[in-house]
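Here is the naming used below: chain letters follow the sequence lines, and residue numbers restart at 1 for every chain. What you see is a predicted model; the values in this text were computed from it and never measured. Atom set for the values below is all heavy atoms of this structure, side chains included, hydrogens, waters and symmetry mates excluded.
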Protein chains: 2
Amino acid sequence: MAGKAEKEHGEAGGRARGIDRLIQILEYLHEDGRPQRPNDIAVGIGAPKSSVYEIVNRLVDANFLEPFDREGRLFLGRKLHFLGAHYLETFDLLREADPTVAALSAETRETAQLCMCEGDKYVVALAHSGGRHFKISSDIGRPIPLTWTASGRLLVADRSENEIIDFIPPADFTLPDGKPLATRKFLSQIESARAEGFYSSDSVVDDYTHCFAAPVRDRDGACLATLCIVAPREEAKRRHDELRDSLLRHAATLTAKLGGGAKRRP
Amino acid sequence: MAGKAEKEHGEAGGRARGIDRLIQILEYLHEDGRPQRPNDIAVGIGAPKSSVYEIVNRLVDANFLEPFDREGRLFLGRKLHFLGAHYLETFDLLREADPTVAALSAETRETAQLCMCEGDKYVVALAHSGGRHFKISSDIGRPIPLTWTASGRLLVADRSENEIIDFIPPADFTLPDGKPLATRKFLSQIESARAEGFYSSDSVVDDYTHCFAAPVRDRDGACLATLCIVAPREEAKRRHDELRDSLLRHAATLTAKLGGGAKRRP
DNA sequence: TATGCCATTCCGCTATACTGGAATGATGGC
DNA sequence: GCCATCATTCCAGTATAGCGGAATGGCATA
């Protein structure tokens with residue numbers, strides 16, 4: 001589960017099994033983000049065309065993929081939405097969190113998200129855009145280095161310094177602009193996040209947003225996820241305290257709903 | 001694509017391919033609705049245990065399945081949520097409809113849904129529960145005969161009588177209580193729904209709700225989906241006109257949004 | 001501790017799914 | 001119209017994925 005010795009499946013070498021091809025195809029479309037032809041997919045994942053055509057047809061039959069246009073492009077299918085919705089209903093954290101995220105977004109009129117670790121990366125698990133149609137970032141489920149986000153500081157804050165260094169891939173200490181993030185600096189930011197139970201910073205992914213993050217804890221006090229607000233920098237500065245308070249209040253409510261809130265784990 | 005000569009994949013006979021097993025497993029968990037052990041899944045879909053264990057492990061690695069408890073039960077995984085969310089963003093109708101469904105639900109304080117055809121069946125594609133926590137029906141994506149629902153009348157109303165009879169499997173003219181639905185009656189209900197641009201009736205699936213449905217149309221006037229309200233029968237009777245008007249208004253807005261030139265992005 | 005039941009893992013065999021490459025079809029430029 | 005280019009489908013061979021069955025492990029109850 002942890003992020004160390006991750007066995008690679010879609011590996012090079014001999015022939016691959018259908019299952020792995022299937023997973024590759026879905027993940028590829030998800031990551032690439034745009035509808036593609038079977039041929040493009042084959043090239044994209046480096047698989048034989050004949051195999052991809054064969055599997056893709058089966059996936060269309062099952063509504064895991066869906067025809068997108070008349071040029072033969074395909075994209076993720078409706079069935080995935082159905083399965084995903086079912087997952088949400090069953091998974092306590094997200095089920096409970098969804099109304100909270102919606103309420104926070106409605107109250108602040110900014111984009112609100114629930115973020116989590118996925119392996120050694122950060123992902124947005126839920127998002128509600130604020131009133132303005134600024135285009136919700138909406139990269140739900142797209143993994144990003146933990147180091148790039150305010151939430152990341154909180155998500156790793158339960159670990160010791162050594163564990164953190166061990167946990168985060170060295171490559172992730174390079175920011176999107178190519179500049180390095182000093183380990184020492186990162187650790188001290190984490191220390192501050194841990195102490196405050198809150199962290200906020202300008203996004204390093206874009207040039208115009210500021211992100212506020214607060215931890216959502218289980219009953220052992222472990223940080224399961226972060227609730228966060230993404231706002232234009234202007235707005236974030238002007239309404240800093242208001243947004244922070246709103247965020248902290250909702251995060252506390254959600255933690256309470258989950259039966260959490262105790263201190264640290266034993 | 002239509003619902004006639006559907007080639008069966010998970011069929012009996014020789015050995016099955018992994019892809020088909022995978023799809024079977026996910027659909028089985030979705031339909032059964034509760035977390036299961038690999039062994040239960042194997043029995044449930046009638047597949048060899050060794051195969052299911054093997055595939056299930058791979059699916060857990062890929063987060064398509066997720067450990068559910070410490071007794072080894074598994075359920076649909078987070079990745080499915082991510083893929084499903086991505087589908088939603090890309091699919092105009094659902095992306096546009098989501099705020100409408102939310103608004104309708106908020107305004108009426110009843111459960112609101114967007115329903116569509118899936119092959120020759122009816123499915124709920126989006127749902128927002130009303131204020132009360134009556135437990136949202138929330139069978140998102142679970143196929144139901146079109147004949148069982150108010151929405152079904154509208155969803156087939158674009159077809160001729162012969163086409164309808166041809167389209168709907170004979171078995172679906174049996175209602176959940178085992179009684180038959182007369183073809184003639186069904187057709188005349190459709191005629192009425194078509195004329196009114198609205199249909200409402202008590203649910204035949206349960207004994208305490210009433211369902212209001214209105215069409216959402218594309219620019220050619222075809223019924224893409226229905227917007228609907230599910231309310232307790234008491235409430236539905238008392239607030240009948242109010243709920244109908246609210247529904248029709250939102251359905252018209254949504255139709256306008258889509259007809260205004262909504263297009264898919266390349 | 002012994003016993004029975006069931007879930008899970010292990011293992012060798014072989015039917016077949018995946019593949020490479022070639023044939024066919026579609027598209028667009030000239 | 002006639003190529004050139006690329007997407008898609010067809011096909012036969014073989015590496016291997018899926019299978020059955022047997023071994024192991026877990027967890028009760030006696």
Side-chain angles (χ1 to χ4, degrees), chain A residues 1 5 7-29 32 34-62 64-77, chain B residues 1 5 7-29 32 34-62 64-77 264 266:
Chain A
M1 264 252 158
K7 200 173 177 186
E8 296 299 326
H9 290 278
E11 216 54 6
R15 74 167 68 168
R17 53 193 289 192
I19 296 230
D20 290 329
R21 292 298 186 203
L22 185 161
I23 293 170
Q24 279 178 51
I25 289 168
L26 295 180
E27 291 185 338
Y28 172 68
L29 285 174
D32 190 84
R34 50 189 178 185
Q36 315 227 6
R37 294 179 177 159
N39 195 57
D40 306 321
I41 298 174
V43 173
I45 66 175
K49 298 176 186 192
S50 43
S51 306
V52 172
Y53 274 96
E54 164 51 21
I55 290 172
V56 144
N57 284 330
R58 180 71 188 88
L59 289 178
V60 170
D61 282 354
F64 278 55
L65 291 182
E66 215 169 74
F68 180 82
D69 57 23
R70 263 134 255 168
E71 279 79 54
R73 267 176 278 267
L74 303 168
F75 200 63
L76 304 173
Chain B
M1 260 262 157
K7 200 171 174 187
E8 296 300 326
H9 291 279
E11 218 52 7
R15 76 168 63 168
R17 52 192 291 194
I19 296 231
D20 291 330
R21 292 296 186 207
L22 185 161
I23 293 170
Q24 278 179 52
I25 289 169
L26 295 181
E27 291 185 338
Y28 172 69
L29 286 173
D32 190 83
R34 49 189 178 186
Q36 315 227 5
R37 293 179 176 160
N39 196 56
D40 306 322
I41 297 175
V43 173
I45 65 175
K49 298 177 188 193
S50 43
S51 305
V52 172
Y53 274 95
E54 160 65 33
I55 290 172
V56 144
N57 284 330
R58 180 71 188 87
L59 289 178
V60 170
D61 282 354
F64 278 55
L65 292 181
E66 213 169 76
F68 180 82
D69 56 21
R70 260 132 257 171
E71 280 78 54
R73 266 176 278 268
L74 302 169
F75 201 61
L76 304 173
R264 299 178 154 209

[N] [atom2] sits how many Å from [X] [atom1], rounded?
X       : N      : atom1 : atom2 : value
A/Arg70 : C/dT27 : CZ    : P     : 14 Å
B/Ile19 : D/dT16 : CD1   : P     : 17 Å
A/Asp40 : D/dA7  : CG    : P     : 6 Å
A/Glu71 : C/dG25 : CD    : P     : 21 Å
A/Arg58 : D/dT9  : CZ    : P     : 17 Å
A/Leu74 : D/dT8  : CG    : P     : 9 Å
B/Gln36 : C/dT8  : CD    : C1'   : 16 Å
A/Leu22 : D/dA17 : CG    : C1'   : 15 Å

- Closer than 4.0 Å, any side-chain N/O of B/Arg17 to the OP1 or OP2 of C/dC18?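 For C/dC18, OP1 or OP2 has a side-chain N or O of B/Arg17 closer than 4.0 Å.
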- Message: Looking at A/Tyr53, I'd like to know whether one of its side-chain N or O atoms comes within less than 4.0 Å of OP1 or OP2 on D/dT9.
- Response: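 No, because none of the side-chain N or O atoms of A/Tyr53 sits under 4.0 Å from OP1 or OP2 of D/dT9.
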- Task: Could you check if a side-chain atom of A/Val52 sits within less than 4.5 angstrom of a side-chain atom of A/Ile45, using non-hydrogen atoms only?
- Result: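 The answer is yes; the side chains approach within 4.5 Å.
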- Item | Residue pair B/Leu26 / B/Leu65, side-chain heavy-atom distance below 4.5 Å |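 Yes, side chains in contact.
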- Message: Pick the closest DNA chain D nucleotide for A/Gly18 and for A/Arg73 by heavy atoms, then say which residue is nearer the 5' end.
- Response: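 Closer to the 5' end of DNA chain D: A/Arg73.
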- Item | Gap between atom CG of A/Leu74 and atom CD1 of A/Ile41 - 0.5 Å precision |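 The CD1 atom of A/Ile41 sits 5.5 Å away from the CG atom of A/Leu74.
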- Find the distance between CD1 (A/Ile19) and CG (B/Leu22) and round it off to the nearest 0.5 Å.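 A/Ile19 atom CD1 to B/Leu22 atom CG measures 4.5 Å (nearest 0.5 Å).
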- Looking at B/Ala42 and B/Lys49, what are the two nearest heavy atoms and their distance?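 Taking every non-hydrogen atom into account, CB-CA, 3.9 Å.
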- Message: Taking the minimum atom-to-atom distance to the side chain of A/Arg15, which one of D/dG13, C/dT8, D/dT8 wins?
- Response: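 Looking only at heavy atoms from C-beta outward on A/Arg15, the closest nucleotide is D/dG13.
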- What residue among A/Val56, A/Leu29, A/Ile25 forms side chain to side chain contact (heavy atoms under 4.5 Å, CB included) with A/Gln36?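 Of A/Val56, A/Leu29, A/Ile25, side chain to side chain contact (heavy atoms under 4.5 Å, CB included) with A/Gln36 is met by A/Leu29 alone.
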Sub-3.5 Å pairs of nitrogen or oxygen atoms, protein against nucleotides 20-22 of chain C:
{"residue": "C/dG20", "atom": "N7", "partner": "A/Ser50", "partner atom": "OG", "Å": "3.1"}
{"residue": "C/dG20", "atom": "O6", "partner": "A/Ser50", "partner atom": "OG", "Å": "3.0"}

- Query: Between B/Arg17 and A/Glu54, does a salt bridge (charged side-chain N to carboxylate O under 4.0 Å, His left out) hold up when you go through it step by step?
  - Reply: CA-CA 12 Å; B/Arg17 52 192 291 194; A/Glu54 164 51 21; 2.4 Å; yes
